[in-house]
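What follows is a set of notes on a single structure, which appears directly below.
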Number of protein chains: 2
Amino acid sequence: MKSSLTLEHQICFQLYTASKELTRLYRPILAPLNLTYSQYLVMLVLWEEDNIDLKQLGDRLTLDSGTLSPLVKRLMQLDYVEKVRATDDERRVLLSLTPSGSALREQAEEVPLKVSGMLNIDEATYIAYMEMLIDIKARLRAFGEREE
Amino acid sequence: MKSSLTLEHQICFQLYTASKELTRLYRPILAPLNLTYSQYLVMLVLWEEDNIDLKQLGDRLTLDSGTLSPLVKRLMQLDYVEKVRATDDERRVLLSLTPSGSALREQAEEVPLKVSGMLNIDEATYIAYMEMLIDIKARLRAFGEREE
DNA sequence: GGCAATTAAGTTGTGCACAATCTAATTATA
DNA sequence: TATAATTAGATTGTGCACAACTTAATTGCC
């Protein structure tokens with residue numbers, strides 16, 4: 001298998017730069033919503049499922065509390081979300097949308113459309129690319145599980 | 001085109017998590033070399049082309065001086081690289097390998113092999129995936145250039 | 001030759017990303 | 001039922017990633 005030490009021949013490098021460059025594309029689109037890219041991902045989860053606890057949120061985004069805690073704090077300062085401690089299990093903290101956070105969804109609806117337009121990609125290619133990325137993750141997880 | 005606001009349906013999310021998870025795979029492999037993932041990318045460039053100036057290096061990795069300056073400082077502390085100011089143009093700084101930095105290459109040769117093994121991917125799929133990622137970047141750049 | 005515009009690096013400040021550690025609540029089990 | 005093990009979340013520290021700004025060298029243009 002590919003063993004050349006050349007930068008451009010490493011899938012890790014292509015993935016790393018592609019991810020960075022796509023995130024860069026989002027920045028100006030998200031700026032009017034006062035969101036960073038990671039904050040946008042958290043909001044996506046909440047618009048899908050309100051009142052989710054931080055643990056589930058972190059699992060969904062593969063982020064630990066060290067990243068999420070300060071990020072959520074900033075979303076609270078923006079008045080987009082609020083935290084409520086769960087009554088049944090006092091360790092858990094539920095995150096829910098404020099009215100402003102819910103209202104923001106309408107503006108956010110346009111984000112994927114804008115991005116698709118910028119990428120200039122047809123549906124079939126888009127799906128093929130998504131499947132590739134999901135497959136890469138599946139292979140990574142398969143290895144992780146072999147190791148446990 | 002894809003306009004659902006669901007997390008998993010966004011190519012950006014798949015790219016973002018795939019990149020993070022692949023980087024995570026590298027961490028234990030690079031730890032014995034005392035390198036982070038980004039530092040490894042810099043070393044890859046230097047093993048390919050020694051005595052490169054910081055500007056070119058940054059272009060190659062899509063990193064600006066705000067990221068590279070402190071990163072290179074840490075590589076210097078590890079005694080893997082050294083900086084020399086170019087004589088023809090005093091603004092430029094050339095980065096070159098120290099003996100330890102050159103010697104490290106031998107150990108690094110095994111990294112791509114290990115990663116391929118962990119990913120458990122055949123050559124044809126690997127190449128197809130690389131091309132998809134390069135295509136995504138090409139589309140992003142095409143948009144960037146339309147905007148200039 | 002003189003001066004504005006550009007360029008290369010570096011610095012500062014903000015926000016991830018993650019390891020390691022801590023606290024408090026819950027669950028398991030001896 | 002004590003107490004050990006586990007779990008959720010927060011905190012601390014390190015290292016990217018990038019915008020905005022600074023400094024110094026070079027280039028362009030009159």
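Reminder, nothing fancy here: chain letters follow the sequence lines and each chain counts from 1.
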Separation of atom CG in L25(A) from atom C1' in dC18(D), rounded to whole Å: 16 Å
Integer-rounded Å distance: dC18(D) C1' and L71(B) CG: 14 Å
Sugar-phosphate only, base, or nothing, as touched by S38(A) at under 4.0 Å among non-hydrogen atoms: sugar-phosphate
salt_bridge(D89(A), R91(A)) N-O dist < 4.0 Å: yes
All pairs passing salt bridge (charged side-chain N to carboxylate O under 4.0 Å, His left out) where residues 31-48 of chain B contributes a residue, at least two apart: E48(B)-R60(B)
Whether Y26(B) and Y40(B) hold their rings parallel, tilted or perpendicular, with breakpoints at 30° and 60°: tilted
CD/E82(A): more than 12 non-hydrogen atoms of other groups inside 6.0 Å: yes
Spacing of D64(A) atom CG relative to dT7(D) atom C1', expressed in whole Å: 14 Å
Contact nearer the 5' end of DNA chain D, comparing K73(A) with D89(A): D89(A)
For S38(A) against L71(A), the heavy-atom pair lying closest together: CB-CD1, 3.7 Å
First encountered from the 5' end of DNA chain D, between G66(A) and T62(B): G66(A)
Heavy-atom side-chain contact between N34(A) and Y80(A) under 4.5 Å: yes
Along DNA chain C, first and last positions that approach a heavy atom of chain A under 4.0 Å: dG15(C) to dT26(C)
N or O in side chain of R92(B) less than 4.0 angstrom from dA25(D) OP1/OP2: no
Whole angstrom value for the distance that separates P of dA8(D) from NZ of K83(A): 16 Å
L68(A) CG to dT11(D) C1', straight-line distance once rounded to whole Å: 14 Å
S100(A) versus D79(A), side-chain donor and acceptor atoms under 3.5 Å: yes
Distance in angstrom units between E90(B) CD and dT23(D) C1', rounded: 14 Å
Sugar-phosphate only, base, or nothing, as touched by D59(A) at under 4.0 Å among non-hydrogen atoms: nothing
